[in-house]
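Just the heavy atoms: all of them, side chains too, but no hydrogens, waters or symmetry mates, feed the values below. Note on naming: letters A, B, ... go to the chains in the order of the sequence lines (proteins, then strands), and numbering restarts at 1 for each one.
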There are 2 protein chains.
Amino acid sequence: MQNSKTPEEMEAAFGQQLRDLRLRRNIDQRQLAVQTGVALNAVKNLENGRGATLTSLVKVLRTLGRADWLETLAPAVAISPMQMLKAKQPRQRASKPKGSSHV
Amino acid sequence: MQNSKTPEEMEAAFGQQLRDLRLRRNIDQRQLAVQTGVALNAVKNLENGRGATLTSLVKVLRTLGRADWLETLAPAVAISPMQMLKAKQPRQRASKPKGSSHV
DNA sequence: AAATAATGGACTATTTTAAGTCTATTGATT
DNA sequence: AATCAATAGACTTAAAATAGTCCATTATTT
């Protein structure tokens, strides 16, 4: 029961947050688009959840001064100094045994 | 001096975080793509910062169990009960006086 | 160190988004 | 309540991303 919202709903809700950020700065879509260097349509698409590119999002976030948010996706796991010492280099690829079946 | 990274660099760094999340769950790109219902290329594009759609990102985040992150972009501002009372309905559009010049 | 499998990169066709412009609607201002 | 301007929506063209496939590279396993 954790993925209640559909991807479409999630994009729409996300767009509303972007709109909130913009309105807090009290700038209109056109200004945001110009300052960002993207088309007005790109901003509309983002805010209305009508489909957008990650590039447009990143650029807009920069303009809104919220680029730091992008770095909070996968926070580093905290480990003790002892663990730190015996820590082997992080995995770069997924490992073999994927499922449960044998062979 | 706050926007040091270029949008390209930011997308790349973001992709690395997505990769980290995937590797913590120890699944390969192909599995992630299949479970998510997107093409393997879409996952590659995301992780390598080669350009992707917001839709692909949202879907992948759902699969990785990190969809909640999308709701942390614009946290509600905390206001006191007193302010709560006299709070007028939130603005839906940006307001007039944008620049500094007159008329 | 050999074998295996995960990932990167290239390519083509298809679908989606960006960009640019115009019109209709409606929130905000006076 | 009348005016003004921000936003939604539709349309067209260009650019970019997705999907599907194949091969090269290299981390990981044995």
Side-chain angles (χ1 to χ4, degrees), chain A residues 7-8 11-12 14-63 87-99 101-103, chain B residues 7-8 11-12 14-63 87-99 101-103:
Chain A
E8 289 75 28
E11 274 198 54
F14 181 73
Q16 182 57 55
Q17 290 185 83
L18 270 178
R19 178 171 315 221
D20 288 346
L21 284 184
R22 174 175 61 79
L23 291 177
R24 286 179 195 174
R25 319 242 137 103
N26 194 42
I27 59 177
D28 60 37
Q29 296 178 334
R30 185 181 49 74
Q31 285 177 288
L32 178 56
V34 171
Q35 288 185 220
T36 302
V38 298
L40 174 56
N41 275 340
V43 173
K44 286 182 182 177
N45 284 346
L46 277 169
E47 293 193 357
N48 295 318
R50 289 206 163 300
T53 59
L54 186 55
T55 301
S56 291
L57 172 60
V58 169
K59 289 180 181 172
V60 164
L61 285 177
R62 251 167 64 113
T63 303
K88 33 187 180 181
Q89 53 192 15
R91 182 171 275 297
Q92 296 179 297
R93 297 183 179 187
S95 62
K96 286 289 293 296
K98 54 201 232 183
S101 55
H102 58 328
V103 171
Chain B
E8 290 73 30
E11 273 197 56
F14 182 73
Q16 182 57 55
Q17 290 185 81
L18 270 179
R19 175 168 314 206
D20 288 346
L21 285 185
R22 174 175 63 79
L23 290 176
R24 286 179 195 172
R25 309 223 182 345
N26 194 43
I27 59 178
D28 60 36
Q29 296 178 334
R30 186 181 49 73
Q31 284 177 289
L32 177 56
V34 172
Q35 288 185 221
T36 302
V38 297
L40 173 57
N41 276 340
V43 172
K44 286 182 181 177
N45 284 345
L46 277 169
E47 293 193 357
N48 295 319
R50 290 205 162 299
T53 58
L54 185 55
T55 301
S56 291
L57 172 59
V58 169
K59 288 179 182 172
V60 164
L61 285 177
R62 251 168 63 111
T63 304
K88 32 187 181 182
Q89 51 192 15
R91 182 172 276 296
Q92 295 180 295
R93 296 183 179 188
S95 61
K96 288 287 291 298
K98 53 201 231 185
S101 58
H102 58 328
V103 172

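Put simply, NZ on K44(A) is 14 Å from P on dC11(D), counting in whole angstrom units. Rounded to whole Å, the distance from CG on D28(B) to P on dA6(C) is 5 Å. Distance, E47(B) CD to dG8(C) P: 7 Å, rounded to whole Å. R30(A) places its CZ atom 15 Å from the P atom of dC22(C), with the value rounded to the nearest Å. A straight line from NZ of K88(B) to P of dG27(C) spans 17 Å, rounded to a whole angstrom. The CD atom of Q31(A) sits 13 Å away from the P atom of dA5(D) (whole-angstrom rounding).
Within residues 51-61 of chain B, the residues that place at least one heavy atom under 4.0 Å from DNA chain D are, in residue-number order, G51(B), A52(B), T53(B), S56(B). Contacts between residues 32-41 of chain B and DNA chain C, defined by a heavy-atom separation below 4.0 Å, involve N41(B), listed by number.
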Pairs under 3.5 angstrom only: tabulate donor-acceptor contacts from the side chains of residues 55-62 of chain A to other protein residues two or more places apart or in another chain.
residue	atom	partner	partner atom	Å
T55(A)	OG1	E11(B)	OE2	2.5
S56(A)	OG	T53(A)	OG1	3.0
R62(A)	NH1	K5(B)	O	2.4

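Between N48(B) and dG8(C) there is a side-chain polar atom (N or O) within less than 4.0 angstrom of OP1 or OP2. In this model, the phosphate group of dG8(C) is approached by a side-chain N or O of R19(B) to a distance below 4.0 Å at OP1 or OP2. For R50(A) and dG9(D), the shortest distance from a side-chain N or O to OP1 or OP2 is below 4.0 Å.
The side-chain hydrogen bond (donor to acceptor under 3.5 Å, both in side chains) search around Q92(A) returns none, not counting sequence neighbours. Listed by chain and number, the residues in a side-chain hydrogen bond (donor to acceptor under 3.5 Å, both in side chains) with D20(B) are Q16(B) (sequence neighbours excluded). For R93(B), there are no side-chain contact (heavy atoms from CB on, under 4.5 Å) partners, not counting sequence neighbours.
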Are there any protein N/O atoms within less than 3.5 Å of an N/O atom in nucleotides 23-27 of chain D, and if so, which ones and at what distance?
residue	atom	partner	partner atom	Å
dT26(D)	O2	R93(A)	NH1	2.9
dT26(D)	O2	R93(A)	NH2	3.2
dA27(D)	O4'	R93(A)	NE	3.3

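The shortest heavy-atom contact between Q31(B) and D28(B) is N-OD1, 2.7 Å. Considering all non-hydrogen atoms of both residues, A52(A) and L46(A) come closest at CB-CD2, 3.5 Å.
Between L32(A) and Q29(A), every side-chain heavy-atom pair lies at or beyond the 4.5 Å cut-off.
Among residues at least two apart or in separate chains, ring pair (Phe, Tyr, Trp, His ring centres under 6.0 Å) pairs with a member in residues 14-41 of chain A are F14(A)-W69(A). Among pairs with a residue in residues 33-42 of chain B, those fulfilling side-chain hydrogen bond (donor to acceptor under 3.5 Å, both in side chains) read T36(B)-T63(B), at least two apart in sequence or across chains. The salt bridge (Lys or Arg N to Asp or Glu O under 4.0 Å) contacts involving residues 46-57 of chain A comprise R19(A)-E47(A), R22(A)-E47(A), where partners must be two or more places apart or lie in separate chains.
If one axis is set at each end of the helix from dA1(C)-dT30(D) to dT30(C)-dA1(D) from five pairs, those axes are 80° apart, to 10°.
Two residues, A42(A) and I27(B), neighbour DNA chain C, and the one matched to the more 5' nucleotide by heavy-atom proximity is I27(B). Toward the 5′ end of DNA chain C lies the nearest nucleotide of R22(B), the other residue of the pair L46(A) and R22(B) mapping further downstream. Between P90(A) and Q29(A), the residue whose closest nucleotide on DNA chain D is further toward the 5' end is Q29(A).
The backbone N or O of S95(A) sits less than 3.5 Å from a side-chain atom of N26(B), completing a donor-acceptor pair.
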